[in-house]
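Read the structure below first, then the notes.
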Amino acid sequence: DAGITQSPRHKVTETGTPVTLRCHQTENHRYMYWYRQDPGHGLRLIHYSYGVKDTDKGEVSDGYSVSRSKTEDFLLTLESATSSQTSVYFCAISVGAGGRNEQFFGPGTRLTVL
Amino acid sequence: QQQVKQSPQSLIVQKGGIPIINCAYENTAFDYFPWYQQFPGKGPALLIAIRPDVSEKKEGRFTISFNKSAKQFSLHIMDSQPGDSATYFCAASKQGGSEKLVFGKGTKLTVNP
């Protein structure tokens, strides 16, 4: 699992509530990513980070924000959760250089928004 | 706009068969093409990857074939086993693109005993 943990692993929440998912890595890799996985859509990039306090939007960033105050932690926040954000969320890190982008994924967080 | 198109969506083969999963890309700047394997309830795991300077790469029973002119690449699984039953994703990235991967939508493979 490349030293990646995600918390919580499962969460059920109600529409309109804020939710924060945490990704933690133990190996000080520069790049970190948040994806969501939905049937028929594969893996879609939400936000990514290329260093402490350096983040950028991905393909499906609306309704999500991120923060990275330490190298090892990358937080994904849903300010006001909606049912369309019910999904499985994966964190990933990038290992390698020179175009050899080997991404390793965490175990995932299953989020249900009622 | 889907940058990486993967087919088929699902595939069923018998043990020992050779499933083939195909991907096509549009961006000629892509220069790294990995395949990921995902089992239910787990995160995707890197299986094998190829750069466009070679046309084929083998790792064990898994082979990537790459056709740069056609902008296509495929995964072949030799002597498939029931334990290979999983969802497979192709992906692509370009150097200098913040190491971002663009994924295909996935192929669910079932290998029957």
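Below, read A as the first sequence line, B as the second, and so on, with proteins coming before strands; counting in each chain starts at 1.
Of the possible donor and acceptor atoms, none in the side chain of B/Ser74 sits under 3.5 Å from a partner among the backbone N and O of B/Ile20. Looking at A/Gln6, its side chain does come within 3.5 Å of a backbone N or O of A/Cys91 through a donor-acceptor pair.
Using a 4.5 Å cut-off between heavy atoms, B/Gln9 does not touch chain A at all. A/Leu45 touches chain B through its side chain: at least one heavy atom from C-beta onward sits under 4.5 Å away, while N, CA, C and O do not.
Across A/Gly40, A/Gly58, A/Pro39, the residue that shares the most heavy-atom pairs under 4.5 angstrom with chain B is A/Gly40. Your options are B/Gly41, B/Pro44, B/Gly43, and the one with the most heavy-atom pairs under 4.5 Å with chain A is B/Pro44.
The closest side-chain heavy-atom distance from B/Phe33 to B/Ile64 is not below 4.5 Å.
Ion pairing between a basic and an acidic side chain is recognised when a charged N comes within 4.0 Å of a carboxylate O; A/Arg44 and A/Asp38 show such pairing.
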